[in-house]
Amino acid sequence: MNWKHFFKKQAGKHMESDLPASADSANNEEIQSSETEFSRTAYQKSQQVQSQQTKRDKLARKLNWVIFYLVLAIILVYGFMFFVNF
């Protein structure tokens, strides 16, 4: 938990009883959303993993197209050799 949120949570405790329930739930949502934030290194690592995944997907797509063109070329060569009697 960040120190900023710790002090925010502790400040104004005597005033919390005066706040409506919706403000209390909004504060809880803010704290929960801040807990899911990553540190710099964790964010950088997750970005690197996502980058590697996108690169892998692009490479797989290119490889699929290369395989398709190679199969098409083999079929064309076989057809040429069959009809020309080479």
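- Rounding to the nearest 0.5 angstrom, the gap separating the OH atom in Tyr69 from the CD1 atom in Ile74 is 15.0 Å.
- Using a 30° and 60° split on the angle between ring planes, Phe68 and Trp65 fall in the perpendicular class, above 60°.
- Of the possible donor and acceptor atoms, one in the side chain of Thr54 sits under 3.5 Å from a partner among the backbone N and O of Gln50.
- For the atom pair Asn64 CG and Leu59 CG, the distance stands at 10.0 Å (nearest 0.5 Å).
- Atoms CZ and CG, from Arg61 and Asp57 in turn, are 6.5 Å apart once rounded to the nearest 0.5 Å.
- With a 6.0 Å radius and a threshold of 12 heavy atoms from other residues, nucleotides or ligands, Gln44 has its CD atom at or below the threshold.
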